[in-house]
**Q** 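Got a structure here, written out as structure tokens. Questions coming.
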Amino acid sequence: MHSCRAGQRGSRLYSTQAPRSVRGMSDRFGLAERKHQHIVSTAQQAAHSYGFEPVHTPILEYSSVFERTLGTDSDVVGKELYKFQDSSAHWMTMRPEGTAGVARALVTNKLDRAMPQKLYYAGPMFRHERPQRGRLRQFEQFGIEAVGIAHPAADVECIQMGWEFLARLGVEGTLELRLNTLGDFSSRAEYRQSLSKYFAHYRDRLSEDSRRRLDTNPLRILDSKHSDDIVIAANAPAYDEFLNAASQDHFKFVSDALAGLGIPFTVDRRLVRGLDYYQHTVWEVVCASELLGRSQATVLAGGRYDGLSKLLGSSQSLPGIGWASGIERLALLLPDWRVSQPPAPIPVLMIPDQGAENGGSRERRASNAVYMYALRVAQLIRQSCSAYVVHSQAAAHQPLGKQLAAVLAKAPLPARVAIVGSDELEHGQVVVRDTATRQQRTRQWLARDCVCFSEGQARMALVTPATQAADPSPASDPKGEGAQGKKERPPGTYIIWAMEAIGATAAFIYYLHLYTDLLKPKVEERLNPDKYTPFTLVEREPLTGDTTRFRFRINRPRFNEELEQLADGIITQGAWALDVKDHLVQTYRTYTPVDYVVATEVDDERGLREGYCDLVVKRYPGGSLSRFLHNTQVGDRVEMRGPILTWPYSPNKYRRLYMVAGGTGIAPMYQLIDRILGDPADSATQISLLYGSQSETDIIYREQLDELAKKHPERLSIKYLVDRGPASAAQPGRPDARSVGEFVGGFDKSKDVVLVCGPDPMMAAVSGMRPIGPTQGPLRGCLRDLGLAPKNVFKF
């Protein structure tokens with residue numbers, strides 16, 4: 001009886017109140033969904049570029065999968081699992097993290113015998129913890145797992161990929177990479193014993209959770225957020241005192257490799273991961289931003305987990321390493337403007353006819369024939385771009401003005417609107433309205449003597465006026481019989497019909513081309529900083545034996561002035577670059593154009609202004625993007641994204657720019673030189689260029705540089721260095737400590753800046769390598785030895 005009454009109360013509750021979402025589990029649509037897709041897409045591109053492949057595992061796993069791997073004493077297993085017993089008495093758990101499921105999948109599918117495996121995943125995870133900003137009970141993660149690689153180079157590669165992913169995403173806030181080592185199992189066991197002895201003296205002062213951890217896993221006390229625990233843990237034994245030689249060598253390789261790649265990091269000896277299976281390298285990336293708060297600052301974390309497969313029943317103890325990143329937290333840090341929105345589809349509006357009397361008023365509604373015509377128009381538009389019919393919510397249609405106002409109130413605004421009614425149906429026309437100019441034109445959609453929509457028929461009849469006069473209407477005489485009975489058709493009738501059908505099809509294709517070209521937004525081949533766009537290669541010119549200039553066509557449509565102002569605004573702010581993508585293998589690399597020109601300032605009949613963009617690319621044997629570009633031919637299309645501001649510039653900000661360039665590193669230098677010397681607002685900035693090449697024939701854009709130096713001798717000075725071969729106007733040597741020291745001899749730390757760009761060996765010798773991402777990395781090389789500070793040097 002009690003359960004019955006409860007069920008009745010539940011029925012009344014659900015019948016009178018609107019349903020609500022579960023606490024800690026949110027809905028996602030609109031901008032939030034586009035941010036989610038953008039983050040996952042960016043992460044997938046980074047994973048593909050490192051040779052990772054996708055994997056999907058079930059949300060539900062047997063509970064033993066997580067209890068074996070996470071540790072029964074962990075907070076996740078002890079407090080946070082969504083765990084239940086199914087009808088077969090099996091204990092099931094909704095996955096709280098991705099690594100254990102991926103490891104289980106490798107063992108189940110016997111992929112543990114085919115190593116290595118490099119996989120990535122994305123999807124929902126579940127933990128029953130207190131919901132906070134950026135931390136939900138159902139949360140989305142993107143993660144990677146590299147299994148079967150024991151060398152610490154895999155640690156470096158995973159950290160590098162995560163850092164590059166966050167840098168490419170462009171989140172707001174300062175990123176910091178924190179690094180530590182937990183050593184191998186023997187080092188960890190010895191350290192646990194030392195911690196147990198230390199914390200045992202403070203058992204009464206520890207929090208309840210830490211007292212429990214003292215008996216199960218004292219390392220977790222180091223990660224406690226309780227104020228008393230933090231004070232006690234501050235004087236705990238340091239982990240590095242217990243690392244054996246193998247663990248020290250492993251961590252030294254990772255630290256040295258990250259420094260060599262220019263990825264900045266901080267060693268945090270208190271950093272431990274919250275799950276039992278971690279060992280050796282562990283790391284996290286935190287973001288200092290008010291959008292997250294201090295307690296939820298970690299946006300990406302990972303570590304090595306050698307031997308996890310053994311816990312899941314594999315016959316082998318496989319090495320593994322990976323990381324995961326919370327998508328909700330990244331979405332909070334991602335500016336709205338970085339998320340591109342697809343072009344709005346073309347709405348097809350219907351003009352209602354005057355209806356019959358209904359209660360003293362006339363209802364206005366579109367006839368079935370107009371509906372059929374609108375559906376067909378939308379169908380044909382969708383062959384080239386998106387389109388949909390605007391339906392009425394009520395039986396009667398709103399007047400055209402109200403329909404148009406409702407469509408134009410939505411965001412994003414469609415570029416065109418198609419309008420049809422009974423008159424347009426009768427004459428085979430469509431009214432096309434330009435939403436930007438508010439002008440509209442009536443276009444011939446299909447020739448009236450080719451296509452006719454019959455009232456009440458769910459098909460199109462190909463007829464001609466002559467045929468209409470000779471034969472009864474299919475609607476009124478479906479069998480084709482006249483008043484005098486069935487007529488015999490004269491010889492050749494079917495041939496004539498076939499010719500008429502061919503002509504009608506040709507006219508249909510012709511008018512379809514005209515109409516869809518009018519409706520289709522001209523969105524191709526224009527710069528877009530938010531998404532990749534294909535550009536056509538129109539010219540390629542070999543500059544040296546291994547270096548080529550690639551010219552791509554740039555079309556700038558007048559209707560999207562906001563986007564053009566954004567792109568032009570970035571270009572006018574300083575040096576800028578483009579991301580170039582190989583769409584076949586989904587890898588990309590950033591290149592700096594040496595030239596960007598709008599060839600015509602007047603719109604042509606298509607509403608476009610034509611221009612071009614030049615990239616100078618050297619072919620490297622191990623460079624996948626350089627090989628990809630050098631294999632493209634004139635007429636091929638290459639996907640690019642940009643512009644991306646690389647170094648901001650203001651007129652007269654510096655007294656002198658010292659530029660040190662090597663090889664194709666001249667691209668950003670030439671871009672800035674040409675811009676500064678051509679800027680009427682900048683009359684004072686001096687430029688000194690030290691340009692090193694392998695030989696005199698390898699000096700790129702020398703003619704253009706010499707012409708600028710001749711035109712502006714008081715502001716531009718150039719010194720060429722060649723590494724080998726005869727040199728007429730260049731000096732033997734390369735950018736090194738001696739030549740650079742002489743070059744920057746008059747450097748003023750308060751008024752000047754040094755810009756450096758070139759191949760890796762030159763960068764390492766002059767300024768140190770720049771890491772992948774937004775940071776400059778530590779200043780090294782001869783510029784540091786000369787006493788320059790990081791603020792005095794910029795590395796492209």
Side-chain angles (χ1 to χ4, degrees), residues 55-83 90-121 123 125-127 141 143-152 154-155 158 181-193 212-213 215-220 223 246-247 250 272-283 301-324:
V55 63
H56 296 275
T57 61
I59 290 177
L60 273 182
E61 297 272 7
Y62 289 113
S63 298
S64 58
V65 170
F66 302 109
E67 292 171 354
R68 287 185 193 178
T69 57
L70 304 184
T72 55
D73 63 301
S74 67
D75 286 346
V76 175
V77 173
K79 301 179 181 180
E80 301 172 358
L81 288 184
Y82 277 91
K83 181 179 177 181
H90 294 133
W91 283 103
M92 312 297 294
T93 294
M94 301 175 73
R95 62 186 183 193
E97 53 91 37
T99 301
V102 172
R104 193 273 313 153
L106 293 176
V107 175
T108 302
N109 295 280
K110 296 181 171 55
L111 294 176
D112 55 338
R113 306 173 186 175
M115 291 288 112
Q117 294 286 336
K118 300 171 70 175
L119 305 170
Y120 72 84
Y121 60 87
M125 311 293 166
F126 302 86
R127 294 187 186 182
Q141 276 191 346
I144 67 160
E145 312 294 345
V147 184
I149 309 173
H151 197 279
D155 307 30
C158 288
T181 177
L182 302 180
D184 57 15
F185 282 119
S186 62
S187 298
R188 188 169 182 172
E190 186 177 353
Y191 185 52
R192 286 181 61 162
Q193 291 181 1
R212 176 177 55 83
R213 291 166 177 168
D215 299 324
T216 56
N217 188 352
L219 269 73
R220 297 187 184 280
D223 202 29
S247 299
H250 189 108
V272 295
R273 302 301 310 139
L275 305 178
D276 277 350
Y277 51 64
Y278 284 113
Q279 60 176 294
H280 279 306
T281 311
V282 292
W283 74 94
R304 178 167 282 278
Y305 49 85
D306 297 349
L308 177 64
S309 58
K310 195 80 171 179
L311 298 175
L312 292 169
S314 175
S315 59
Q316 306 177 66
S317 180
L318 298 173
I321 189 168
W323 57 258

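It should be emphasised that the depicted structure is a prediction, and the values quoted were computed from it without experimental measurement.
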**Q** Closest approach of R127 and P96, non-hydrogen atoms and distance?
**A**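 In this case the closest contact between R127 and P96 is NE-O, 3.0 Å.
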
**Q** Kindly assign one of parallel, tilted or perpendicular to the pair Y82 and F126, based on the angle between their ring planes and the thresholds 30° and 60°.
**A**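 Aromatic pair Y82/F126 classed perpendicular.
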
**Q** Ignoring hydrogens and angles, write down the donor-acceptor pairs under 3.5 Å from the side chains of residues 103-112, residues two or more places apart or on other chains.
**A**
from	atom 1	to	atom 2	distance (Å)
R104	NE	E61	OE1	3.1
R104	NE	E61	OE2	3.4
R104	NH1	T108	OG1	3.3
R104	NH2	E61	OE2	2.8
T108	OG1	R104	O	2.8
N109	ND2	A105	O	2.8
D112	OD2	S314	OG	2.7

**Q** With sequence neighbours left out, write down each residue that passes side chain to side chain donor-acceptor pair (under 3.5 Å) with T281, or none if nothing qualifies.
**A**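 Per chain and number, T281 pairs via side chain to side chain donor-acceptor pair (under 3.5 Å) with D155.
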
**Q** Determine the minimum heavy-atom distance between W283 and G322, stating which atoms define it.
**A**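 Closest heavy-atom pair between W283 and G322: CH2-O, 3.6 Å.
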
**Q** Within the structure provided, determine whether M92 and Y62 are in side-chain contact (heavy-atom separation under 4.5 Å).
**A**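 A side-chain contact exists here, since the closest heavy-atom pair is under 4.5 Å.
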
**Q** Could you tell me if the side chain of R304 sits less than 4.5 Å from the side chain of H250, heavy atoms only?
**A**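 Yes, at least one pair of side-chain atoms sits under 4.5 Å.
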
**Q** Once you round to the nearest 0.5 Å, how far does NE2 of H280 lie from CD1 of I321?
**A**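 Between atom NE2 of H280 and atom CD1 of I321 there are 10.0 Å.
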
**Q** Looking at every non-hydrogen atom in both residues, tell me the closest pair between F66 and T93 and how far apart they are.
**A**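 The pair with the smallest heavy-atom distance is CD1-CG2, 3.8 Å.
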
**Q** R95: which residues meet the side chain to side chain donor-acceptor pair (under 3.5 Å) condition with it, sequence neighbours left out?
**A**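 Listed in chain order: T57.
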
**Q** Mind checking whether L311 and L308 have side chains closer than 4.5 Å, heavy atoms only?
**A**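 In contact.
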
**Q** Donor-acceptor check, side chain of S247 to backbone of T181, threshold 3.5 angstrom: yes or no?
**A**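 Checking the backbone N and O of T181 against the side chain of S247, no donor-acceptor pair under 3.5 Å is found.
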
**Q** Can you name the nearest heavy-atom pair linking T99 to Y121, along with the distance?
**A**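 Residues T99 and Y121, closest heavy atoms: N-OH, 4.0 Å.
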
**Q** Using only atom types and a distance under 3.5 Å, with no angle test, would you say the side chain of Q316 pairs donor to acceptor with the backbone of L318?
**A**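 Not at all, since once roles are kept as given, no pair shorter than 3.5 Å links the two residues.
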
**Q** With the side chain counted from C-beta on, respond yes when M94 and L60 share a heavy-atom pair under 4.5 Å apart, and no when they do not.
**A**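 Yes, their side chains come closer than 4.5 Å.
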
**Q** Please examine the side chains of Q117 and E145, heavy atoms only from C-beta on, and report whether any two atoms are closer than 4.5 Å.
**A**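 Side-chain contact under 4.5 Å: no.
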
**Q** Using every non-hydrogen atom in the two residues, find where A100 and V65 come nearest and quote the distance to one decimal.
**A**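 That closest heavy-atom pairing would be O-CG1, 4.0 Å.
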
**Q** So which atom in D306 and which in Q279 form the shortest heavy-atom distance, rounded to 0.1 Å?
**A**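 Answer, listing the atom of D306 first, then Q279: O-NE2, 2.7 Å.
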
**Q** Let me confirm one number: the CZ-CG distance from R188 to L219, rounded to the nearest 0.5 Å.
**A**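 Interatomic distance, R188 CZ to L219 CG, rounded to 0.5 Å: 5.5 Å.
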
